[in-house]
Structure formats: C-alpha cells, structure tokens
Amino acid sequence: MQALVLVGGEGTRMRPLTLTRPKPALQLVDRPFIRYIVEWLARHRITDVVMACGFGADPLREVLREGGGRGPRIRYVEEPEPLDTAGPLRLAADEGLLGDRLLVLNGDLLSDLDLSALIRAHDERGAAATLALHPSEDPSSYGLVRRTGGPAGPGTSPASAEGEVLQFVEKPDPGQIDTDEISAGAYVLERSVIESIPPHKPVSIEHEIFPRLVGQGLYGHRLDGYWMDVGTPERYLQASWDILEGRVQTAASTRVGGAGLLVEDGAVVDPAASVNPPALLETEVAVGAGAAVGARAVIGHRSEIGERANVSSSVVLSDCRIGPQASVHEAILAPGVEVGEGARIEAGAVIGEGARIEAGVAIADGARLGPGEVAS
Ligand code: GTP
C-alpha cells in the first residue's frame with residue numbers, strides 16, 4: 001500500500017519556528033516531526049511514501065536521511081506553486097508516482113489511529129473514498145461529518161458501523177452539533193477520485209472534492225485512539241508531554257520509558273540540581289547547581305541550564321544557553337537561543353532560532369521573538 005503525506009503548508013501558526021525550518025522538519029521531543037508520521041505508516045505496512053512538498057524538499061530529505069534509510073521507500077514531489085490539499089495528489093499522479101489506491105495523511109498529525117483498520121473498511125465497502133473520523137471533545141473548531149450509523153450526539157456511541165457520509169458541517173453553531181465526529185486528516189482514495197481533481201491549480205480536498213463525493217461512494221470510518229493536529233505552539237507543547245507521558249504510541253515514548261524520564265549519555269546534571277519527570281535531557285546537556293528542570297521539559301543536545309535557573313513545561317531545543325537564575329515557563333525556544341542571567345520567559349512565548357534575551361529582560365505571555373532578534 002502506498003501513502004502520500006501533505007507537507008507543503010506554510011505553518012503560519014507555528015511562527016517563528018517555521019520561519020527557519022518547515023513544520024515537518026521541526027524537532028518534537030527526540031526526533032523531527034515527520035519521522036513520527038513515517039514510523040506510524042511503517043507500523044501499518046506502508047512501503048511506499050510520497051511527500052508532497054509545497055516548497056523545496058531539501059530540509060525534509062535531510063531529516064529523513066538521518067533515519068538511516070530503514071523503513072518505507074520515500075519519494076518527493078515539489079509544487080511549482082502551493083496547490084492546496086488536493087492539487088498535490090493530481091500532480092503526483094501526473095508525475096507517474098501513484099498506483100490504484102492511496103492513503104493520504106495531513107503532515108501535522110501525531111496519532112496512533114489504526115490505519116490498517118481504515119484501509120480494511122475501505123476495501124470491505126468497495127468505497128471510492130473513506131475518511132478516518134475521530135471523536136472530538138470540541139468538534140466546533142474542526143467541522144463535523146454527519147454519516148449513517150453515526151453517534152446520536154456528542155459523547156454517545158455510534159449506532160452502527162455503517163458510514164455513508166451525508167454532510168459536512170463547517171464551523172457548526174452549538175445547536176448544529178449532533179455528532180462528535182470530525183475528519184481526522186487521514187483518508188483512503190481510489191485513483192478515480194484523484195483523476196477527478198482538476199490539474200495545474202490549487203484545489204481543496206475538503207471544500208471542493210469531498211462534498212462532491214457525497215452519495216457517490218464516500219464513507220467515514222470511526223477510529224478511537226490518540227489524535228492531535230500539531231498546528232499551534234500550545235498543541236506542540238501538549239504533544240511533547242503526551243509523548244513523554246506515553247499517552248500516544250510512538251517509538252519516542254517507548255524510548256523514554258514508563259518513568260517519563262530520559263537523561264541521555266553525556267548529559268551532566270549537577271548533584272545540587274533537580275530534574276522532575278516527565279523530562280528528556282539529550283546528549284551533552286549541562287544543568288548547573290540549584291537549577292530546576294521540569295516537570296515537563298525537553299532540553300535539546302548541548303543546551304546549558306545555568307545555576308539556579310528554572311525551566312518548566314517548556315521545550316528548549318539544541319544549543320541554547322539559559323543563564324543563571326533565568327526562568328522559562330510554558331515556552332518554546334528554537335535552537336541556539338541565549339537567555340541572559342535573571343531573564344524571564346513567560347507562558348506561551350515562542351522564541352525563534354538564534355534569538356537573544358538580555359539579562360533581566362522579561363518576555364511577556366504569548367510573545368513571539370523572531371529568528372536572530374535581540375530583546376534588551
Ligand atoms: P497554518 O499556516 O498554520 O494554517 O498551517 P498549514 O500551512 O500546515 O495549514 P493546514 O494546517 O491547514 O494544512 C493541513 C495540511 O495540509 C498540512 O499538513 C499542510 O502541510 C498541508 N498543506 C496545506 N497547504 C498545502 C499545499 O499547498 N501543498 C501541500 N503539498 N500541502 C499543503
């Protein structure tokens with residue numbers, strides 16, 4: 001079975017992190033995000049993957065090469081202009097990369113949903129297209145999918161396994177919420193559907209292709225399990241804790257282990273510092289005397305946490321320097337950030353690659369600092 005992963009979005013909500021590297025190449029816990037997707041696909045015996053890149057494919061090639069060439073065969077298709085979510089499928093087909101049936105995934109999913117069950121359900125019904133449906137506690141922010149046999153209301157169980165899609169409801173009003181099932185950004189398509197996509201122009205699969213397929217062999221199949229669309233800094237942090245705490249089945253969670261704590265070889269933690277799980281400290285991290293790291297922290301390779309500094313509920317990527325007595329709370333620091341002595345980085349802040357925060361400066365809640373910027 002073959003899969004195509006949509007990885008060409010701009011990732012605007014993840015700026016400034018995505019100003020220096022595309023969202024799929026961002027580090028999440030101990031590996032680039034796209035590797036979680038490839039590992040998820042490999043667990044479901046997908047042997048051939050096409051990455052649909054809107055921009056240059058080089059950053060992705062680079063991070064996937066680090067996987068050592070194991071796993072599925074990976075090929076890349078680059079769009080001359082962003083083609084939205086359906087256009088890249090048609091382009092890949094026109095370039096001769098696709099077979100008769102295709103699994104498609106949004107490239108920002110962290111999930112362990114049973115893709116094999118989705119493919120089986122598609123085959124058993126002889127469907128033209130089958131969408132993975134996932135129950136959501138807050139369906140209003142995603143859009144609902146109404147189907148035959150669906151749940152009678154939020155939180156209720158599906159009546160049956162039927163699943164002919166009846167209607168899509170975008171941004172439903174509270175009164176319209178009669179199901180909790182949303183489209184999970186994973187679907188199986190027959191080649192006939194891909195051939196119906198107009199060529200050489202941006203086309204949205206959600207808005208232009210799926211609504212046209214209602215009544216023409218479009219099914220939805222409910223899958224329970226972990227599902228997160230890692231599209232915002234808040235969700236990126238939550239996804240990090242979910243991996244460390246083992247709430248999603250991934251190779252990274254297995255590596256961190258049940259205690260939720262991994263201090264890699266070569267990391268040096270002063271005996272007078274504290275590290276509270278869940279936490280990951282990668283190679284060559286140094287934590288000074290009196291510092292407190294965690295609960296909930298990822299500290300990337302070679303980063304230094306100064307004496308009596310405090311880092312909690314935060315991701316500090318590689319090669320950062322956190323000065324003595326500085327504090328970082330619920331924030332994301334891209335690689336190479338410097339935080340001066342006694343500086344404070346407050347909840348929701350996202351700091352771009354190589355930025356510098358001078359001693360004693362406070363970065364306010366939710367602030368963004370661009371790559372290389374200096375806060376003084
Ligand atoms: P935001 O800019 O923050 O909304 O993020 P995004 O660009 O990733 O958009 P969104 O989350 O809506 O995209 C859903 C999926 O489709 C993501 O995996 C994107 O990478 C992908 N995608 C969106 N637009 C394109 C495109 O023009 N080409 C390709 N190849 N993929 C796209």
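Counting starts at 1 for both ligands and their atoms, in listed order.
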Going by distance only, is there an N or O of [X] that falls short of 3.5 Å from an N or O of ligand 1?
X	result
Ala52	yes
Gly9	yes
Gly8	yes
Gly231	no

Atoms in ligand 1 flagged as close to [X], the criterion being non-hydrogen separation under 4.0 Å:
X	result
Pro88	28 (N), 29 (C), 30 (N)
Leu83	27 (O)
Gly107	18 (O)

Among protein heavy atoms, which lies nearest [atom], and at what distance?
atom	result
atom 28 (N) of ligand 1	Glu79 OE1, 3.0 Å
atom 8 (O) of ligand 1	Lys23 NZ, 2.9 Å
atom 10 (P) of ligand 1	Arg13 NH2, 4.2 Å
atom 7 (O) of ligand 1	Glu10 N, 2.9 Å
atom 14 (C) of ligand 1	Asn106 ND2, 4.0 Å

| said: Can you check which of Asp84, Leu91, Thr232 brings a heavy atom nearest to atom 25 (C) of ligand 1? | reply: Asp84
| request: Could you tell me whether Arg120 and Asp123 have a side-chain N and a carboxylate O separated by less than 4.0 Å? | output: no
| query | Is a salt bridge present between Arg147 and Glu164, judged by a nitrogen-to-oxygen distance below 4.0 Å? | reply | no
Check residues 190-197 and write down every donor-acceptor pair under 3.5 Å in which the side-chain atom is one partner and the other belongs to a residue at least two apart or another chain.
unit_1 : atom_1 : unit_2 : atom_2 : d
Glu190 : OE2    : Arg101 : NE     : 2.9
Glu190 : OE2    : His122 : NE2    : 2.7
Arg191 : NE     : Glu195 : OE2    : 2.9
Arg191 : NH1    : Leu98  : O      : 2.9
Arg191 : NH1    : Gly99  : O      : 3.3
Ser196 : OG     : Val193 : O      : 2.7

| said: Whether Arg61 engages the ring of Tyr76 as a cation-pi pair (distance to the six-membered ring centre under 6.0 angstrom, angle to the ring normal within 45°) should be assessed. | reply: yes
| message | Quick test of your reading: applying side-chain hydrogen bond (donor to acceptor under 3.5 Å, both in side chains), list the pairs with at least one residue in residues 322-341, sequence neighbours left out, ordered by first then second residue. | response | Ser312-His329
| field | Sub-6.0 Å ring centroid separation between Tyr142 and Trp227 | value | yes
Between [X] and ligand 1, which part of the residue brings a heavy atom under 4.0 Å of the ligand: side chain, backbone, both or neither?
X	value
Pro82	both
Asp108	both
Thr85	side chain

| Side chains of Glu206 and Thr85: is there a donor and an acceptor less than 3.5 Å apart? | yes
| said: Checking contacts now, so for atom 2 (O) of ligand 1, which I'm interested in, is there any protein heavy atom under 4.0 Å? | reply: yes
| Under the side-chain contact (heavy atoms from CB on, under 4.5 Å) criterion, do Asp48 and Ile46 qualify, and how do the steps go? | CA-CA 6 Å; Asp48 182 5; Ile46 305 295; 5.7 Å; no
| What heavy-atom pair brings Asp112 and Gln249 nearest, and what distance separates the two atoms? | OD2-N, 2.9 Å
| query | Judged by atom type as modelled, is there a donor-acceptor pair below 3.5 Å linking the side chain of His44 to the main-chain atoms of Ser116? | reply | yes
| request: Taking Arg368 for its side chain and Gly366 for its backbone only, find out whether a donor-acceptor pair lies under 3.5 Å. | output: yes
